[in-house]
Amino acid sequence: MLAKVPTGLPLHLNAKFIKKFLNLGDLARARQLFDGISEPDVQSWTILISAYTKTGRSRDAIKLYTEVKNRGKINLDKFVILAAAKACAVSGDLAKAKEVHFDALNHKFSSDLLIGNALIDMYGKCKYFKGGEQVFRDLRIKDVITWTSFCSCCVNCGLPEAALRAFRDMVVSGVRPNAMTLSSVVPACSRLSVCIRGARCMVLPSRMGWGENQFVSSALVDMYSSCSSIKHAQSVFANMPRPDVASWNAIISAYFANGEGERALDTFQHMRSRGVKLDRVSWNSIVSGCADNGKAREALELLRDMQRVGCKPNQITVTSALTACTVLEAWRGGNEVHAYITRHCLMEDLAATTALVLIYAKAGDVEASNRLFRMMPLRDTVAWNTIIIANSMHGRGEKAVSLFNEMVGSGVKPNSVTFTGVLSGCSHAQMVDEGLSIFDSMMKDHEVEPDAEHYSCVVDVLSRGGRLVQAHNFIQQMSSEPSAAAWGALLGACRTYKNVELGRLAARRLFEIEPNNPGNYVLLFNILAAAKQWGEASEVRRLMRDRGIRKMPGCSWIRVNNRVHTFVVGDKDNDMSSEMYKFLDEVRVKMKLAGLYPDTEFVLQDLDGEEQEHSLCNHSEKLAVAFGILSLRDESSIRVFKNLRICGDCHNTIKFIAKFAGIRIVVRDSLRFHHFEEGLCSCREFW
DNA sequence: GTAGGGTTAG
C-alpha cells in the first residue's frame, strides 16, 4: 500500500516527507508533494535534485536547480550547490557546470573543501581540465579526496601524465594515498601502457592493506593487460579473495585484449558456473571481445543468450554486435543485418537505430543511412553526430554542414564529436571558409572547447584547401602540442600539392612523434619521388630499412555472390586472373587513346618506364574492381574495400572504368569513401 | 541534504 500524499504540512516536515517517498522509491509522489508546497525550503529542493540525479535524470535535476535560482527568494546554501555540481557531473553539461562554479564563488564557498572537491570532480566528468585545475589550485587546504579527485579529473580529461605527476606531488606533499587514490591513478598507467614495475606494484597494495580491494585489483588487471603482461594480470586476479563482477569482467577483457579469445570464453563459462551474477558490462565485454577476435558467430550467439536471460542490450552491445555483423556481412548482406536487428527487437532503441545508420554508411550505402535517419522518430546528439559523420565520410561536405545547421536549429546541442564530424566533412569537400567559421563558432556559440582532434581537423581543412603555409602557421600557433594527426594532415596535402619543403618538415616531426608508422615514410618517399629527388628518396627507404619498418601490404576485397574475394598487389591467385589482367590491359589501351597516361609518380620504386606502368596496373584495388566488373550480373554498382589509401593512378583508372562500363563504383579506402560515377569521383580529386 | 574509485564500444 502506498502512502497518501499529505497536504498542508508544517514547513519543517516537508523535507522529511519528501524523503520518505524517495525511500519508498516513489519519485513521482515525492514530486507531487513537493509541487504542493507553496514555498519549499532549500533543503526540500536539495533532496529532490539529488534524487533526480541518482535515478538517472540529471537533466531534470539541473532544471530544478535553475528553477530554485530563478525563484530569487531562496538563499542557496552549500548543499544545494553540491547537489547541482553532482548533477552536472553526471550529465556532463559543461555550460551548467561553469554556472555552478560561478554560483559557488558568488556565495563565498571558494575555500570550502566539500564544494571544491565536488567541483574538481564535476569538471573532470565534463572533460574540462582547465576548470578542474583552477579549482584545485585555488584550494589552499587539500585533503586526500582533493588529490584523488584531481587525479581522476586528469584521467577523465585524457591527461594520464598529469595524473601521475599529481600523484607524485601528493606523496611529496605528505598526503597519504588510500585505496581510492590508487584506483584513480592506476587507470592512468593503463592509458599510457606503462606498468608500475611488475612485482613492486603487486606487493604495494597488499602491504598497504589494499590487496583485497576489488577496485584496486581490477584496475591493476587492466593495467597489466594494457602492458601486454597477461601473466601479471592473471596473477593479480588469482590472488583476489573475493573477485566481484567487475573483476571478472576485467580479466575477461584482458584475455581478449591479449589475443587469448579461447581463455576469455573459458573464463566466462567458469564465471557463469560459479554463479557470479552477470551484469550488462559482462555481456558487452564478451560480445565485443568475440566480435574483435574473429568470433563473429559466437558474438551473435552470445547476444541471443544475453536477451534470453533478460539482460537488455544497450548501445555498446549493439555497436559491438554490429562489428560482428560487418564481418558477417561477407555472407549475409547488409539488409540481413538490418533484418537481424529488427527481429531481435533492437530497433525500438534510439542507440540501436543510430548504430544501424552508421553501419549502412560504413558498408558504403550512405543513401540508406540518410533514409533511415529520416525515419527516426527521435534524434539525440549522438544520432545527429552519426548522420553528419556518415555524410562526411562519403565526401558530402555540404550535406554535413546543412545537417549541422538543421541540428542546431532543432535545438539539439552539438558536442565535441559533432564538430569533429562536420569539420572533417568540410575538409574532404574543400569547404575552407565554412570549416574555419564553424571552428570559430565552437567556443563562441556552442561552448565546446576545441581539443587536439579539432585542431587537426582545421589543419586538414586548410591543407586540403591548398593553404599549406597557413596550415603550417596554424600548427605552430596551437595552444597544445601538435598531434601526429595534425602533422599527418599537412604531410598528406604536401603530396597532393607537391610541396617538397613543407613535406620534409612535417615528415621530420612525424618521424619523432611516431617513428614506427610506415605511412609517413611512404608519403615522404612519394613526395620526393614525384619531385624526382631520387637520392633523398632512397635515403628515406634506407631509413625505413634500418629501423626495420615495413610498409603494410595493400589489400583490397569485394563481395560477389556472398563470398569475399581478396586481392594483393600482382595477385594471380584467382580463377579469373587472366581475364582480369586482359581487362585491365584493354582499359589501359583505351585510356591512352583518350589521351590519359598512367600516373607514374605513384610507384614506390624508381623503376624505368615500362616496368613502372606494369607495377601500377596490378595494384590490388584495380584487381578487385576488374574482378567485380567481370563477375557483375544484374547489379548496377560494385563496392570495393581497401585497407590503405587508394593510389592516384588507381583513382584515375577507376574513374575511367566507371564511365566506359556505365556503372557506379564505390571504393572505401582507409580514410573515406569514393563514389565513382560518369567519369567523376565524389572526392573531387582530393584524397 | 555531507565528496573521490575499477571492468564494456567508437
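Quick note on labels: first sequence line is chain A, next is B, and so on, each numbered from 1.
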J.: Given atom CG of A/L48 and atom P of B/dG1, what is their separation to the nearest angstrom?
T.: 14 Å
J.: For the side chain of A/I145, counting heavy atoms from C-beta on, which of B/dA9, B/dG1, B/dA3 is nearest?
T.: B/dA3
J.: Thinking salt bridges, do A/E99 and A/K96 make one under a 4.0 Å N-O criterion?
T.: yes
J.: Tell me the interatomic distance from A/L182, atom CG, to B/dG4, atom C1', rounded to whole angstroms.
T.: 13 Å
J.: What does A/S282 touch in the nucleic acid at a heavy-atom separation under 4.0 angstrom: a base, only the sugar-phosphate, or nothing?
T.: nothing
J.: Determine whether a donor-acceptor pair (one donor, one acceptor, N or O, separation below 3.5 Å) exists between the side chain of A/S149 and the base of B/dG4.
T.: no
J.: Could you state the CE-P distance from A/M271 to B/dT8, rounded to the nearest angstrom?
T.: 13 Å
J.: So do the side chains of A/T181 and A/R176 get within less than 4.5 Å of each other, counting heavy atoms only?
T.: no
J.: Can you figure out which of B/dG4, B/dT7, B/dA9 approaches the side chain of A/N178 most closely?
T.: B/dG4
J.: Using a heavy-atom cut-off of 4.0 Å across all strands, would you classify A/N117 as base, sugar-phosphate, or nothing?
T.: base
J.: If you look at every strand shown and take non-hydrogen atoms under 4.0 Å, does A/T46 touch a base, only sugar-phosphate, or nothing?
T.: base
J.: Tell me whether the OP1 or OP2 atom of B/dT2 has a side-chain N or O from A/K86 closer than 4.0 Å.
T.: no
J.: What nucleotide among B/dG1, B/dA9, B/dA3 has an atom nearest to a side-chain atom of A/L114?
T.: B/dA3
J.: Side-chain donor or acceptor of A/S184 under 3.5 Å from a matching atom on the base of B/dG5?
T.: no
J.: How many Å lie between CG on A/L82 and P on B/dA3, as a whole number?
T.: 7 Å
J.: Please tell me which of the listed nucleotides, B/dT7, B/dG4, B/dA3, lies nearest to the side chain of A/A250?
T.: B/dT7
J.: Of the nucleotides B/dT8, B/dA9, B/dG6, which has the atom closest to the A/D292 side chain?
T.: B/dA9
J.: A/T148 has a side chain; which of B/dG6, B/dT8, B/dG4 sits nearest to it?
T.: B/dG4
J.: Look at A/K78 and B/dT2 and indicate whether a side-chain polar atom (N or O) is within less than 4.0 Å of OP1 or OP2.
T.: no
J.: Do A/E161 and A/R191 meet the salt-bridge criterion of a basic N to acidic O distance under 4.0 Å?
T.: no
J.: Considering only heavy atoms and no angle criterion, is a donor-acceptor pair shorter than 3.5 Å present between the side chain of A/D244 and the base of B/dG6?
T.: yes
J.: Should the ring pair A/H394 and A/F673 be called parallel, tilted or perpendicular, given that the plane angle runs from 0 to 90° and is split at 30 and 60?
T.: parallel
J.: Measuring from the side chain of A/I316 (C-beta onward, heavy atoms only), which nucleotide among B/dG5, B/dT7, B/dA9 has the closest atom?
T.: B/dA9
J.: May I ask you to test the A/H232-A/V236 pair for a side-chain heavy-atom distance under 4.5 Å?
T.: no
J.: Starting at CZ of A/F215 and ending at P of B/dG5, how long is that distance when rounded to a whole Å?
T.: 9 Å
J.: Please examine the side chains of A/K86 and A/S50, heavy atoms only from C-beta on, and report whether any two atoms are closer than 4.5 Å.
T.: no
J.: Would you mind reading off the distance between A/M180 atom CE and B/dG5 atom P, rounded to a whole angstrom?
T.: 8 Å
J.: Below 3.5 Å, does any donor atom in the side chain of A/T181 face an acceptor in the base of B/dG5, or the other way round?
T.: no
J.: Considering only NZ, NE, NH1 and NH2 on the basic side and carboxylate oxygens on the acidic side, decide whether A/D169 and A/R165 come within less than 4.0 Å.
T.: no
J.: Would you say B/dA3 has OP1 or OP2 under 4.0 Å from some side-chain N or O of A/K125?
T.: no
J.: From CG of A/N249 over to C1' of B/dA9, roughly how many Å is that when rounded to an integer?
T.: 14 Å
J.: Just call it for A/V221: base, sugar-phosphate, or nothing, with non-hydrogen atoms closer than 4.0 Å on any strand.
T.: nothing
J.: State which of B/dT2, B/dG5, B/dT8 makes the closest approach to the side chain of A/N284.
T.: B/dT8
J.: Between A/I47 (CD1) and B/dT2 (P), how many Å, whole number?
T.: 9 Å
